[in-house]
Amino acid sequence: MRPTVHDIAAAAGVSLATVDRVLNQRPGVRHVTREKVENAIREIGYIRDVAAANLAKGRTYPLVFILPASDNSFMHRLNAEVRAAAARSSVERTNIRTLEVPAFDPGALVKVLDELGEERPSGIALVATDAPEVRDAVDRLVKDGIPVVTLVSDLTGSQRHHYAGVDNIAAGRTAARLLGRFLGGARGEIAVLAGSMLVRDHRERLEGFAAVIAAEFPSLSILPVIEGRDDPEMAHMLVADALSKNSGIIGIYSLGAGNRGLIKALKEKAIDRSLTVIAHELTAHTRAALLDGTIDAILNQDAGHEVRSAIRVLKAKADGLSVIDAQERIRLDIFLQDNLP
């Protein structure tokens, strides 16, 4: 049977209150008594419940979320969910702050990560830019004992503790299957709109999408990726240009941000052909486009679940506890006009 605080008290010949003060490093215990309790802990092999001790001490967990600064509706929603979590800080014993860095800028992200390494918060969650220097910076933090969770976009090959986000390869495969079936065997070209191929979530979605199109829908060919840099105006300009120059486009897969620009390009002038459009993330703009038929289906991840998951994992890692994988699995939702929440 696992030793308890009662066993420590009996072995040391002290009260439970004294054991509690020693375990939680409270004052009011003589040096000789403290040594007796610590010797008893070693002799009986007591293993401390760190989470319970932190609760008893009223520990607060300073956590930092690093998000890209961009005009991206999903990132705005993610930021709002972090702010909502910060508002619950007193209940959840957290102290949460958000730092914004320029999107797709590995150097800026590394600078912030290195600065946080000096501060030593209880945990860091970041939307990762997939670059060797970012991977090295994350590994330095982990080596120094700071828990790190990647959020939305992973950093595989790093020592990060957990990834809070959807399976992006599966998301891309799902988008390809939906698009291929909606097109019903038609022959033509597919335009793909991304934010940047510097982020792994976009690359993985494209990987899954391309694999299914090649294997199951050979009548469709994928055009070179349009990178809108999470800028609605740039996305609008690039999509409009692609549609005006290529009459063979019959479908569009928007695998990241830039949906406002995409929607604007589709609506600003009449298109002389039917287009099937699959997009990511349910926002006010994509919801309206789904309802009016501009977009045919939306793949969505729950930003609130991702933020809550990151917080749970960071607190667990700070306490040396295991993570319940099933609780942290992020679901991918598929929305059509008929099942909008």
Side-chain angles (χ1 to χ4, degrees), residues 72-75 77 130 152-154 163 165-197 199-228 230 235 238-239 242-243 246 248-263 265-266 274-283 285-291 293-303 306 329-341:
N72 175 330
S73 297
F74 176 75
M75 288 302 165
R77 192 163 91 233
D130 191 17
V152 179
S153 185
D154 200 7
Y163 164 58
V166 298
D167 181 335
N168 285 298
I169 291 179
R173 292 180 63 87
T174 301
R177 199 170 304 281
L178 287 170
L179 189 62
R181 292 191 175 225
F182 285 171
L183 287 170
R187 181 173 298 278
E189 295 175 323
I190 305 300
V192 175
L193 173 64
S196 170
M197 292 293 102
V199 288
R200 182 167 288 272
D201 58 329
H202 290 193
R203 293 208 311 274
E204 288 183 341
R205 289 174 189 176
L206 180 61
E207 177 186 341
F209 183 80
V212 171
I213 292 294
E216 301 190 27
F217 304 101
S219 63
L220 301 175
S221 58
I222 301 173
L223 295 172
V225 175
I226 299 168
E227 295 187 54
D230 282 4
L238 293 173
V239 171
L243 290 174
N246 195 328
I249 295 175
I250 61 173
I252 298 176
Y253 175 36
S254 177
L255 57 74
N259 287 323
R260 278 177 289 162
L262 167 67
I263 293 165
L266 295 175
S274 174
L275 289 173
T276 298
V277 181
I278 309 294
H280 277 263
E281 314 315 345
L282 184 62
T283 66
H285 296 90
T286 56
R287 174 189 287 271
L290 187 60
L291 288 171
T294 304
I295 292 176
D296 296 278
I298 295 171
L299 306 182
N300 187 66
Q301 56 189 319
D302 186 336
E306 288 168 334
R329 188 172 297 116
I330 307 299
R331 185 180 65 189
L332 180 71
D333 291 316
I334 303 172
F335 291 121
L336 308 176
Q337 283 186 351
D338 313 278
N339 69 331
L340 277 172

Leu299 and Leu282, any side-chain heavy atoms less than 4.5 Å apart: no

Ile190 side chain near Leu179 side chain, heavy-atom distance below 4.5 Å: yes

Pair Thr286-Asn259, side-chain donor/acceptor within less than 3.5 Å: no

Sub-4.5 Å side-chain heavy-atom contact between Ile295 and Ile263: yes

From Leu262 atom CG to Leu193 atom CG, the distance as rounded to the nearest 0.5 Å: 6.0 Å

Euclidean distance, Ile249 CD1 relative to Thr276 OG1, rounded to 0.5 Å: 12.5 Å

Modelled atom types, side-chain donor and acceptor of Asp201 and Asn168, under 3.5 Å: no

Met197 backbone acceptor or donor facing Glu227 side chain under 3.5 Å: yes

Side-chain (Glu207) to main-chain (Ile169) donor-acceptor, under 3.5 angstrom: no

Spatial distance of atom CD1 (Ile298) from atom CZ (Phe335) [nearest 0.5 Å]: 8.5 Å

Ser219 versus Gly185, closest heavy-atom pair with distance: OG-O, 3.7 Å

OG on Ser221 to CD1 on Ile213, rounded to 0.5 Å: 9.5 Å

Sidechain-backbone polar pair: His202 side chain, Gly195 backbone, donor-acceptor under 3.5 Å: yes

Flag side-chain contact, heavy atom, 4.5 Å: Val199 against Asp130: no

Leu243 and Leu275, any side-chain heavy atoms less than 4.5 Å apart: yes

4.5 Å side-chain heavy-atom contact, Ile250 and Leu220: yes

Evaluation steps, salt bridge (charged side-chain N to carboxylate O under 4.0 Å, His left out), between Asp302 and Arg331: CA-CA 7 Å; Asp302 186 336; Arg331 185 180 65 189; 5.9 Å; no

Gap separating the CG atom of Asp333 from the CG atom of Leu340, nearest 0.5 angstrom: 11.0 Å

Any donor-acceptor N/O pair, Glu189 side chain to Ile222 backbone, under 3.5 Å: no

Worked verdict on Val192 versus Leu223 for side-chain contact (heavy atoms from CB on, under 4.5 Å): CA-CA 7 Å; Val192 175; Leu223 295 172; over 6 Å; no

Heavy-atom donor-acceptor pair, Asn72 side chain to Ala257 backbone, under 3.5 Å: no

Residues Phe74, Val152; criterion side-chain contact (heavy atoms from CB on, under 4.5 Å); working and verdict: CA-CA 10 Å; Phe74 176 75; Val152 179; 3.8 Å; yes

Over all atoms of both residues, closest heavy-atom pair of Leu290 and Ala297: CD1-N, 3.8 Å

Whether His280 and Tyr253 hold their rings parallel, tilted or perpendicular, with breakpoints at 30° and 60°: tilted

Nearest atoms (heavy-atom pairs only) where Ala235 meets Gly258: CB-O, 3.7 Å

Spacing of CG belonging to Asp230 relative to OG belonging to Ser73, to within rounding of 0.5 Å: 10.0 Å

Leu183 vs Phe217 side-chain heavy atoms within contact, under 4.5 Å: no

Polar side-chain atom of Arg200 near backbone of Ser153 as donor-acceptor pair, under 3.5 Å: no

Heavy-atom side-chain contact between Glu281 and Ser254 under 4.5 Å: no

Arg205 side-chain N/O to Leu255 backbone N/O, donor-acceptor pair under 3.5 Å: yes

Minimum heavy-atom distance between Arg173 and Ala211, given as atom pair plus value: NH1-CB, 4.0 Å

